[in-house]
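In what follows, a single structure is set out as structure tokens and then discussed.
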Amino acid sequence: MRFRFILGIFFCLGSISSPTFSENVEALVVTECGNCHALEEPHYEQLTVGERVNRKAPPLFYAGNKFNREWLVSWLQNPERIRPAGYFPPAHVIAGSDGDVVDEGSLPEHPKLANQEAVNIADFLMSLTPYSSRIDEVQYEPGSISWKMGNLNFGKFNGCDACHRDAPDYGGVSGPELYTVWERLQPEFIFSFISNPVAWDPHTLMPHKELNPGVVKKLVDYLKVNGEDEE
Amino acid sequence: MKSIKFLTILIGLSSVTFSHADGDVAEGEKLYGIYCTQCHGVSGNGKGINIPDMSVLPRDHTDTGEMSARTDEELAKAIKHGGKSVNKSVLMPAWEGNLNDEQVADLVAYLRKLCCKK
């Protein structure tokens, strides 16, 4: 009887004890990041493509399947723009007679974090891995490709440069820059996303071109070679 | 036999007309704003934010003459299977994996409004 009483007190104290460190970090992420980033998978089947218009920033609920941790820690402390026209480009465009231009003033700045905060948040985000099985299915071994051949494959043959920059001063601006992608993202994620972007995000602006694995490999190898050249 | 032939023709016609006549212009406008304006421009004039480094400029969808020369089926084909499928630039991607037939029909309906109903 006495044992049960003590055990009862123990459980009560446990339930009202202060949150753990990881709970604190999670609460911080929910508060600070959740306003712009999706931290849980949206119910896409119940949503129309119109939801894409209202998104402010990339979803983070699969961050651990996507990012390279070291890059994430560094970027959170010095967040430089990756998408020249913002996350939803049409919201940041001014029409002009000579062509549309990006309304730079409308692009939001990402908060800059202190070192420890960046480490804590990156570690928490890297724990979000709902699509690990999808990543595990990827059969990609980084290989080599001549820069010239890879560049032709990227631009002339597949038209990726219509939306993406593969150099700081060349390419389209509606998609994220790709000359830093090798540093930013996990190779298996890059491969999987190019193979089927719609599986990752049903309302993505990236066309699902149903490329065969050989073509995807050439593209990913080019992003590697090109990224290493940029460093 | 006659009635079977008539039915076949009727089914054929209905499948052709679905790709354009049933398109919803308002939905098409919404989709155009999401997927197309980056290259074709917010006004549809072919001068989107992506054009400065493009080797081939995107189609000006407000050009009545050029657009009138294209059938609805050709427009739908270009959207679904990309520019290459209609002997145009590879810079126009295939959207078949992102958009369903109804959405493509909506886009075609909006393109017709954009080009030719001023």
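Only this structure's heavy atoms are used, side chains among them; waters, hydrogens and symmetry mates stay out. Each chain gets a letter, A, B and so on, in the order the sequences are listed, and its residues count up from 1.
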**Item:** Atom group of A/T48 that falls short of 4.5 Å from chain B, counting heavy atoms
**Value:** neither
**Message:** If you count heavy-atom pairs within less than 4.5 Å of chain A, which of B/G48, B/P52, B/S43 leads?
**Reply:** B/G48
**Request:** Identify the two heavy atoms, one from A/V93 and one from B/I49, that lie closest to each other, and give their separation to 0.1 Å.
**Result:** CG2-CG2, 3.8 Å
**Asked** At their closest point, which heavy atom of A/R52 faces which heavy atom of B/I34, and how far apart are they?
**Response** CG-CG2, 4.5 Å
**Message:** Taking side chain as everything from C-beta outward and backbone as N, CA, C, O, which of these in B/L99 sits under 4.5 Å from a heavy atom of chain A? Side chain, backbone, both or neither.
**Reply:** neither
**Message:** Would you compute the distance between atom CD of B/Q38 and atom CZ of A/F88 and round it to the nearest 0.5 angstrom?
**Reply:** 7.0 Å
**Prompt:** Out of A/A162, A/C160, A/G159, which one racks up the most heavy-atom pairs below 4.5 Å with chain B?
**Reply:** A/A162
**Request:** Output yes when a side-chain donor or acceptor of B/D53 lies under 3.5 Å from a complementary backbone atom of A/G172, and no otherwise.
**Result:** no
**Complete:** Distance col, row B/E96:CD vs A/E210:CD, nearest 0.5 angstrom, shows 6.5 Å
**Message:** Under 4.5 Å from any heavy atom of chain B, what part of A/V53 do you find: side chain, backbone, both or neither?
**Reply:** side chain
**Request:** Answer yes or no: are there more than 12 heavy-atom neighbours, outside A/K209 itself, under 6.0 Å from its atom NZ?
**Result:** yes
**Side chain B/N98, main chain A/V198, donor-acceptor under 3.5 Å** = no
**Item:** Among A/A95, A/P202, A/G171, residue most engaged with chain B (heavy-atom pairs, under 4.5 Å)
**Value:** A/G171
**Item:** Best-contacting candidate, B/V42, B/N50, B/L91, against chain A by heavy atom pairs under 4.5 angstrom
**Value:** B/N50
**Asked** More than 12 foreign heavy atoms under 6.0 Å from CD of A/E40: is that the case here?
**Response** no
**Request:** Examine whether an atom of A/N158 lies under 4.5 Å from a heavy atom of chain B, and if so say whether it belongs to the side chain, the backbone or both; otherwise answer neither.
**Result:** backbone
**Message:** Between A/A85 and chain B, with a heavy-atom cut-off of 4.5 Å, which part of the residue counts as in contact: side chain, backbone, both or neither?
**Reply:** side chain
**Asked** Distance-only, no hydrogens or angles: does the B/Y35 side chain make a donor-acceptor pair with backbone N or O of A/L205 under 3.5 Å?
**Response** no
**Message:** Tell me the closest heavy-atom pair linking A/P90 and B/T37, and the distance in Å.
**Reply:** CG-OG1, 3.6 Å
